[in-house]
Amino acid sequence: MHAVVPPHRHSYVETPGLFTQEEADKVFASTGIHSRRILPKHLCASDMCVAAAERLLSNLGWSADSIGVLIFVSQDQDYSLPASACLMQARLGLPQSAACLDVSLGCSGFIYGTWIASQLLQGASGKRALVLCADTSSRHLLPDDRGTLPLFGDAGVATALEFDPDWPDSYVIVGTDGTGGQHIAVKAGGRRNPCMPEKAPFDDDTNARLYRDTRLYLNGAAVFSFTLKVVPKLVKDALGLAGLEAGALDMVVMHQANQFILEHLRKKTGIPEDKYLIDMKDFGNTSSASVPLAICHSLSDFFAERKKLLLGGFGVGWSWGALIADVQMDAPPMLTEITDDFPPLTLEQ
């Protein structure tokens with residue numbers, strides 16, 4: 001794994017802005033989020049993933065032409081079309097025989113992306129895959145929304161997978177409940193509620209509505225209720241499928257939503273505190289990148305030998321998933337910063 005974050009950092013604890021200092025301190029105490037990284041406007045989620053993938057391939061000593069699958073998990077694709085994964089294939093120099101596709105998922109995206117890639121590897125001509133997860137969630141926020149501004153940051157992570165027929169089985173459970181789609185949503189910008197006028201420019205009222213509807217709507221109470229209803233059962237079912245007790249796990253890494261939610265989940269699931277990673281203080285909620293980012297930031301020395309992990313994601317959709325797998329890394333997970341002069345991904349490769 002290799003994670004990439006922007007060098008630009010913002011903290012409401014240090015610069016309260018919309019908050020009083022007391023309010024900002026309370027938000028930090030509840031969420032566990034002290035600061036977030038913000039990507040400059042000329043770069044996109046895909047650029048963080050390209051930077052991470054280039055570093056990861058170099059660290060592993062893998063050639064680009066050995067990659068048979070590339071999955072880009074993001075809800076912040078560069079273009080309506082083509083898929084960003086196609087442009088990444090060209091930029092990274094992957095072979096034309098590689099299967100490359102975008103997956104539009106958020107908080108559960110790393111689990112789904114890893115699962116999809118592992119399934120594709122069993123039938124692909126190549127036996128190596130890249131799972132690239134990134135979002136620029138900070139760009140979805142209204143500048144006066146005190147409920148979301150302190151929470152979300154930007155990050156991208158590349159994860160390498162290699163097929164081994166003799167490796168222990170992995171276990172995956174996923175789920176979906178689209179009745180929760182309304183609770184975490186960006187209502188405008190797609191084809192259902194487009195921002196592009198058909199003929200005449202939009203009137204002022206429409207522009208004002210689109211300004212707000214192209215930003216994130218988050219129903220925090222509904223998210224909390226969903227999480228406590230679904231995720232403890234998800235963990236229990238994943239352990240049951242794998243035939244394991246919680247004590248057999250070396251580490252549990254869940255989607256880093258916020259500290260308040262994760263602490264409640266740990267108590268509900270009975271996972272020991274020393275085997276349960278909470279790490280969003282310096283980055284905030286980074287959506288699809290949060291699970292591998294936490295691993296890269298806090299567990300760089302953890303994988304000297306094989307470890308059994310439970311990884312979980314849950315949120316926008318509603319969508320959720322858990323993966324139990326034996327993990328071994330040929331190079332330690334790392335975290336670096338993307339520079340402002342990083343060459344962005346373009347249509348012309």
Side-chain angles (χ1 to χ4, degrees), residues 2 4 6 39-57 62-110 112-121 123-126 128-140 154-161 185-198 210 214 286-289 292 316-317 319 338 341-349:
H2 196 105
V4 163
L39 191 70
K41 297 299 183 184
H42 68 283
L43 295 175
C44 291
S46 63
D47 298 314
M48 292 188 288
C49 282
V50 168
E54 290 174 343
R55 293 289 188 95
L56 181 58
L57 291 174
W62 287 9
S63 64
D65 61 10
S66 72
I67 304 299
V69 173
L70 184 150
I71 308 292
F72 177 49
V73 182
S74 180
Q75 297 192 305
D76 290 319
Q77 288 84 359
D78 293 29
Y79 305 100
S80 294
L81 57 112
S84 297
C86 297
L87 304 178
M88 291 172 166
Q89 174 272 335
R91 173 69 173 269
L92 293 170
L94 272 54
Q96 293 186 3
S97 59
C100 303
L101 63 142
D102 291 358
V103 174
S104 180
L105 283 172
C107 317
S108 64
F110 176 69
Y112 273 84
T114 303
W115 173 49
I116 292 168
S118 66
Q119 295 301 304
L120 289 176
L121 278 179
S125 56
R128 289 173 172 172
L130 291 175
V131 179
L132 309 180
C133 297
D135 281 291
T136 50
S137 301
S138 69
R139 297 180 181 176
H140 295 295
D154 306 331
V157 186
T159 301
L161 304 178
V186 175
K187 300 176 183 178
R191 295 297 179 264
R192 183 69 61 189
N193 192 5
C195 295
M196 182 173 62
E198 291 187 12
L210 289 174
T214 51
T286 55
S287 191
S288 62
V316 57
S319 175
I338 187 171
D341 61 356
F342 184 83
L345 192 66
T346 62
L347 283 171
E348 298 81 19
Q349 297 292 313

ask   = Taking it one step at a time, do S46 and L87 satisfy side-chain contact (heavy atoms from CB on, under 4.5 Å)?
value = CA-CA 9 Å; S46 63; L87 304 178; over 6 Å; no
task = Output, in order, the C-alpha distance, side-chain angles, deciding distance and verdict of side-chain contact (heavy atoms from CB on, under 4.5 Å) for D76 and R139.
result = CA-CA 10 Å; D76 290 319; R139 297 180 181 176; over 6 Å; no
inquiry  = Set out, in order, the CA-CA distance, both residues' side-chain angles and the distance that settles side-chain contact (heavy atoms from CB on, under 4.5 Å) for Y112 and V73, then state yes or no.
reply    = CA-CA 9 Å; Y112 273 84; V73 182; over 6 Å; no
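When every heavy atom of Q77 is checked against every heavy atom of S74, the shortest pair comes out as NE2-O, 2.7 Å. What you find for C100 and Q89 is that their closest heavy atoms are SG-CB, 3.7 Å. For the pair L345 and Y79, the tightest heavy-atom approach, listed with the atom from each and the gap, is O-OH, 4.5 Å. Taking each heavy atom of G156 and A134 in turn, the nearest pair found is CA-CB, 3.6 Å. Across every non-hydrogen atom of G93 and A64, the tightest pair is O-CB, 3.5 Å. When all heavy atoms are compared, the tightest approach of P343 to D47 is O-OD1, 4.3 Å.
Looking at I67 and L92, their side chains never come closer than 4.5 Å, going by heavy atoms from C-beta outward. When side chains are defined from C-beta on, V50 counts as touching M88, because their heavy atoms get closer than 4.5 Å. In this structure, the side chains of T286 and D135 stay at 4.5 Å or more apart for every pair of heavy atoms.
Judged as a side chain to side chain donor-acceptor pair (under 3.5 Å), and not counting sequence neighbours, S137 has no contacts. With sequence neighbours excluded, the residues forming a side-chain contact (heavy atoms from CB on, under 4.5 Å) with A117 are V69, I71, A129, V131, L161, listed by chain and number.
Each of V103, D102, T159, L70 was evaluated against L132; a single residue qualifies, L70, per the side-chain contact (heavy atoms from CB on, under 4.5 Å) test. The side-chain contact (heavy atoms from CB on, under 4.5 Å) test with H2 is passed by exactly one of L57, V157, L56: L56.
Atom-to-atom distance recorded for K41:NZ and T136:OG1 is 8.0 Å, nearest 0.5 angstrom. Expressed to the nearest 0.5 Å, how far CG of L94 lies from OG of S66 amounts to 8.0 Å.
Within a 6.0 Å radius of CZ in R128, other residues, nucleotides and ligands contribute more than 12 heavy atoms.
Side chain of D154 to main chain of S138: a donor-acceptor pair is present (N/O by atom type, distance under 3.5 Å, no hydrogens or angles).
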